[in-house]
Amino acid sequence: MLVYPSGADVSSSALRFLTQQLRRHRRAIGSRWRRLSAGRQALLTLAHLRVGNTYAQLAAGFGVGTTTAYRYITEAVELLATLAPSLADVVRTASAKAYLILDGTLLPIDRIAADRPFYSGKHKKHGMNVQVLADPFGRLLWASPALPGAVHDIRAAREHGIVDALTQAGIRCWADKGYRGAGGTVRVPCRGRWENLSEGQKAVNRSHAKIRALVEPAVAALKSWRILRKLRCSTTRITSIVQAVLTLHLTSSE
């Protein structure tokens with residue numbers, strides 16, 4: 001395999017943050033020697049998450065075995081996942097904001113047609129459903145654990161306790177028609193065909209659409225980490241990867 005210099009568009013603050021966390025972790029578990037330093041392990045992990053390089057490619061570039069690369073990346077991802085904010089944390093910090101925006105996104109996975117629980121009829125592909133909360137400026141605040149793609153957005157929001165948490169905190173939330181019937185403080189567009197709506201309802205829906213559009217940068221920020229554009233790992237590991245990416249994104253945004 002040929003090895004060549006490359007780059008990853010990740011802030012140096014994310015690298016420093018992950019390096020610091022890995023050093024603390026190594027001291028806590030009493031790890032005395034590794035093939036890679038904490039800084040190199042952090043860079044290995046960022047290259048995998050941001051660029052989507054395979055374990056074999058990264059192993060060749062960093063001069064370690066494929067199994068070692070997998071073990072180092074998995075260790076760092078699990079460590080980052082534990083640092084991701086919970087829904088309760090986000091609700092507390094968001095209580096001072098005017099409102100939040102809720103949306104669901106599908107993370108494509110490598111599955112065959114027989115895997116029906118992971119097939120999204122809406123997107124016509126296999127994937128994992130992840131719920132996203134953004135602030136009024138379109139900044140990503142929180143990403144939920146991953147559920148099979150066949151799960152609808154409103155069911156996912158209920159299973160994660162998003163509707164109840166926002167309602168109890170009195171935080172208004174804008175969402176699309178996929179959350180119709182959620183209740184609480186969740187606001188959805190007026191129901192009905194466009195030509196059958198009154199002028200007032202059309203104006204409400206236009207205003208609603210402008211607010212909801214602000215969630216797109218948050219979803220794009222999540223998927224700017226190329227590992228999430230086509231996941232080829234076990235579905236049991238996807239939640240950890242999403243939470244790790246969320247931690248790194250929030251760290252880079254500070």
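Every value quoted in this text rests on a predicted model; they were computed, and no experiment measured them.
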Examine distances only and state if a side-chain atom of [X] and a backbone atom of [Y] form a donor-acceptor pair shorter than 3.5 Å.
| X | Y | answer |
| --- | --- | --- |
| T105 | V130 | no |
| T74 | R71 | no |
| N129 | V151 | yes |
| H48 | N53 | yes |
| S224 | A221 | yes |
| D153 | Y179 | no |
| T247 | A81 | no |
| K124 | G121 | yes |
| R139 | L250 | no |
| Y72 | R35 | yes |

Q: Start with the C-alpha gap between K223 and L107, add the side-chain angles, then the distance that decides, and say whether side-chain contact (heavy atoms from CB on, under 4.5 Å) holds.
A: CA-CA 8 Å; K223 292 188 175 181; L107 304 180; 3.8 Å; yes
Distance, nearest 0.5 Å, that separates [atom1] of [X] from [atom2] of [Y]:
| X | Y | atom1 | atom2 | value |
| --- | --- | --- | --- | --- |
| R206 | L197 | CZ | CG | 10.0 Å |
| H249 | L222 | NE2 | CG | 8.0 Å |
| L214 | I101 | CG | CD1 | 4.5 Å |
| R155 | R158 | CZ | CZ | 11.0 Å |
| R26 | R34 | CZ | CZ | 4.5 Å |
| T251 | F17 | OG1 | CZ | 4.0 Å |

Q: Could you walk me through whether K97 and I171 pass side-chain contact (heavy atoms from CB on, under 4.5 Å), step by step?
A: CA-CA 8 Å; K97 298 183 183 296; I171 301 175; over 6 Å; no
Q: Go through I211 and H208 one step at a time and tell me if the side-chain contact (heavy atoms from CB on, under 4.5 Å) criterion holds.
A: CA-CA 5 Å; I211 295 175; H208 191 282; 5.9 Å; no
When you group the ILVMFWY residues by side-chain heavy-atom contacts below 4.5 Å and let the links chain together, are [Y] and [X] in the same group?
| X | Y | value |
| --- | --- | --- |
| L231 | L147 | no |
| L80 | V51 | no |
| L36 | L46 | yes |
| L133 | V163 | yes |
| L87 | L141 | yes |

Q) Which atoms form the tightest heavy-atom contact between R187 and G184, and what is the distance? A) NH1-O, 3.4 Å
**Q.** Residue pair A69 / A59: nearest heavy atoms and the distance that separates them
**A.** CB-CB, 4.1 Å
Q. side-chain contact (heavy atoms from CB on, under 4.5 Å) between Q41 and L18: does it pass, once the steps are laid out?
A. CA-CA 9 Å; Q41 183 182 355; L18 181 51; over 6 Å; no
Q | Under the side chain to side chain donor-acceptor pair (under 3.5 Å) test, residues paired with N196 that sit two or more places apart | A | none
[X] vs [Y] side-chain heavy atoms within contact, under 4.5 Å:
| X | Y | answer |
| --- | --- | --- |
| V242 | S144 | no |
| R16 | T19 | no |
| R180 | I154 | no |
| W194 | N205 | yes |
| L58 | I73 | yes |

Q | With sequence neighbours excluded, residues passing salt bridge (charged side-chain N to carboxylate O under 4.0 Å, His left out) with R172 | A | none
**Q.** R212: salt bridge (charged side-chain N to carboxylate O under 4.0 Å, His left out) partners, not counting sequence neighbours
**A.** D176
Q. Does H152 NE2 have over 12 foreign heavy atoms under 6.0 Å away?
A. no
Q) NZ of K177: more than 12 outside heavy atoms within 6.0 angstrom? A) no
Q. Parallel, tilted or perpendicular for W174 and Y99, by the 30°/60° rule?
A. tilted
Q) Considering the options I162, V132, D89, V91, which one meets the side-chain contact (heavy atoms from CB on, under 4.5 Å) requirement together with W142? A) I162
